[in-house]
> 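Encoded as structure tokens, here's the structure I'll be asking about.
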There are 2 protein chains.
Amino acid sequence: MSSHLTERADVTAFRRFSRYFTARTGVLSDRYLGLARPLGQARLLFELGEATGLGELRRRLEIDAGQLSRMLAALQAQRLVRLSRDPADRRRRVVELTARGRRERAEQQRRADEVAERLLSALPPEQRAELTGALTKAERLLRLAVIELRPLDPASAEARYCLTAYATELAARFPEGFEVSDLLTADQLSAGRGRFLAAFEEERPVGCGAVRTLQPGVAELRHLWVAAQARGAGLGRRLLRALEAEAAELGHHTVRLGTHEVLGEAIGLYRRCGYREIPRYSADPHNHLWFERPLTGPGPSPDPAVYRPAHGPATG
Amino acid sequence: MSSHLTERADVTAFRRFSRYFTARTGVLSDRYLGLARPLGQARLLFELGEATGLGELRRRLEIDAGQLSRMLAALQAQRLVRLSRDPADRRRRVVELTARGRRERAEQQRRADEVAERLLSALPPEQRAELTGALTKAERLLRLAVIELRPLDPASAEARYCLTAYATELAARFPEGFEVSDLLTADQLSAGRGRFLAAFEEERPVGCGAVRTLQPGVAELRHLWVAAQARGAGLGRRLLRALEAEAAELGHHTVRLGTHEVLGEAIGLYRRCGYREIPRYSADPHNHLWFERPLTGPGPSPDPAVYRPAHGPATG
DNA sequence: GCAGTTCCTTGACTTTCGTCAAGTAATTTT
DNA sequence: AAAATTACTTGACGAAAGTCAAGGAACTGC
């Protein structure tokens, strides 16, 4: 089927790019920039920003504890970092760049910039701008791709965190205000009656959404929220599509939703994603517009039933 | 000045992307995919396609002769490659993957595909297509950026190669035919009277173009050629901008050119790049349209005088 | 307050990577 | 045909990277 072929082509394009990019720039940036330092130490120096706990560093760089310990000792001997104990837990140690370390790091960055600049300087301004645009867009979408969508127990602490953030925001934006009591209860979403999805960026919740059965065949989408710091990446759309897929999996053929007139971005999103305005179908006092989208009919995007959201970690 | 700021922003965007991309996927693809093999051997296995001479391999991977020798011995012991002597010069040796080696390589590729697919599968089809589009565009532009533009002696073998390829193509496309004798002579382009630029992709000529003085302040652009295998990347535009910069450097304020009515792509390029059609200014029998562009006036692109083409190797 | 954990350091390796120099066989130059 | 050069292998070694286990100090849970 055609969507499978499309997927193959995407994978191929991604891999081609990845190979080309690492071959072209990866080599340079690694070897070159480390000054006279072994790669491991250079990488460490580069990764060090604010004062960091060794544990976090170890997790980030996936490095053996012993190795890290020795590398830091070497950097300390060169007076590039300062090690101290964490006052809160004196087993823990904290690394920090010294002034000299910061200078070295700046020099590293400068060299990396230089390599990038030499590459870019070959292009006339218009094409350079095109490249920058493409890379920025690609980065935004990659960032979006690594955000994990997971179904969550609506009674869980994480779900509550998302819903509270959502309610707080609505309270600020709706002229009439908004109360946590206006939300669906966990009970109304639990097994059989609906689903709750949350989006995690590096294990921190940055979005959510719920579907629940409205009548046989028809689901209602509610509480679509994207945290302020995660906006502009397309997460709203991704959540929307994933919620539609959940609805389809629950056996529905149509999704409806109601929204508030002040939520301009959301209204735009629904319109762009194939939703059509329909007459009022609910009595929710916070709703002024109602939308609907068929899950199987023709729309501006491929059949969402084909898109299977990953349940569980994406990189596990 | 504003163009400098733009450039900084481009460098920053490039570096941001580079960092993010290598952190996100580079690590995975290196570590993971090599199965249980050391990185060097995995890389070697990956790089081996057709039967390859060791010398070429050494040059490509920038690896010490001794190291390569030992790595290949290790791979041979695992029956992944076959070593034989080059019949033409029996000092030379040639590596080739065995059937088993090819299987291993395919497995490596499959894993890489899997990683890519897992990442991409998080995105709904529309956003996946957007990402693929952005990456494809970025790759095209990166490829374009590493094509080197060099001024060449128009009498050199490489220049002659380009011009012959250009003439051959015109001969096939023009109904009236085209002769090498219709080209400018090296003499007409040599020092003081004009400049000849050639584009090299990995040291192979893939395009060219010339400017020469038509009258004080006015340059003529001629013989703009892009090899068939390098088309679609934007090289025509890059050459055009570089030739304009050369003209500006020679002290001209205007560039003119004439072209043949069958050269649709070229005509489109000139139009997109700020050229306006003007009345006939030359008697060249192969020309049907004439164009002109001021080098200092306002145009759809920033002042080309700001863009300094790199003379000499870009990664030197 | 004591056993069990956690966080980190140290010691004792092995493997891999990278470099130099000596050596051998084939080829080219003189 | 001898000398020089080229293409590769082999030996020797040092530095870096990676692994495992033992141990000490600080914290946690009962």
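Everything numeric here is computed off the predicted structure, so don't read it as measured data. Labels below follow one simple rule: chain letters A, B, ... track the order of the sequence lines, proteins then strands, and each chain is numbered from 1.
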> Looking at A/Arg58, does any N or O in its side chain come under 4.0 Å of the phosphate oxygens OP1/OP2 on C/dC7?
no

> Can B/Arg111 and B/Glu107 be counted as an ion pair, charged N to O under 4.0 angstrom?
yes

> Any salt bridge between B/Asp86 and B/Arg91, counting N to O under 4.0 Å?
no

> Would you give me the side-chain donor-acceptor pairs under 3.5 Å for residues 73-82 of chain B, sequence neighbours excluded?
unit_1	atom_1	unit_2	atom_2	d
B/Gln78	OE1	B/Arg37	NH1	2.5
B/Gln78	NE2	B/Gln41	OE1	3.3
B/Gln78	NE2	B/Ala74	O	3.2

> Is B/Arg58 salt-bridged to B/Asp64, going by a charged N under 4.0 Å from an acidic O?
no

> Please determine whether a side-chain nitrogen of the Lys or Arg among B/Glu104 and B/Arg100 lies less than 4.0 Å from a carboxylate oxygen of the Asp or Glu.
no

> Nearest whole Å is fine: how far is C/dT9 P from A/Leu57 CG?
11 Å

> Considering only NZ, NE, NH1 and NH2 on the basic side and carboxylate oxygens on the acidic side, decide whether B/Arg43 and B/Glu47 come within less than 4.0 Å.
no

> In whole Å, what is the span from the CG atom of A/Leu83 to the P atom of C/dC7?
17 Å

> Donor-acceptor pair, distance only, cut-off 3.5 Å: does the side chain of B/Arg150 make one with the backbone of B/Ala198?
no

> Using the salt bridge (charged side-chain N to carboxylate O under 4.0 Å, His left out) criterion, which residues pair with A/Arg92? Sequence neighbours excluded.
A/Asp89

> Between atom CZ in B/Arg37 and atom C1' in D/dA17, what is the gap in whole Å?
19 Å

> In this structure, how many angstroms lie between the P atom of D/dG18 and the CG atom of A/Leu61, rounded?
11 Å

> Answer yes or no: are there more than 12 heavy-atom neighbours, outside A/Gln229 itself, under 6.0 Å from its atom CD?
yes

> Quick one: does any side-chain atom of B/Arg128 pair with a main-chain N or O of B/Ala122 as donor and acceptor, under 3.5 Å?
no

> Apply salt bridge (charged side-chain N to carboxylate O under 4.0 Å, His left out) to A/Glu139 and list each qualifying residue two or more places apart in sequence or on a separate chain.
A/Arg143, B/Arg16

> Classify A/Arg85 by what it touches in the nucleic acid, base, sugar-phosphate, or nothing, heavy-atom distance under 4.0 Å.
nothing

> The helix from C/dG1-D/dC30 to C/dT30-D/dA1: angle between its terminal axes, five pairs each, to 10°?
20°

> Of all of residues 86-94 of chain B, which get a heavy atom below 4.0 angstrom from DNA chain C, listed by number?
B/Asp89, B/Arg90, B/Arg91

> With a 4.0 Å heavy-atom cut-off, tell me which residues in residues 63-82 of chain B come close to DNA chain D, sorted by residue number.
B/Ala65, B/Gly66, B/Ser69, B/Arg70

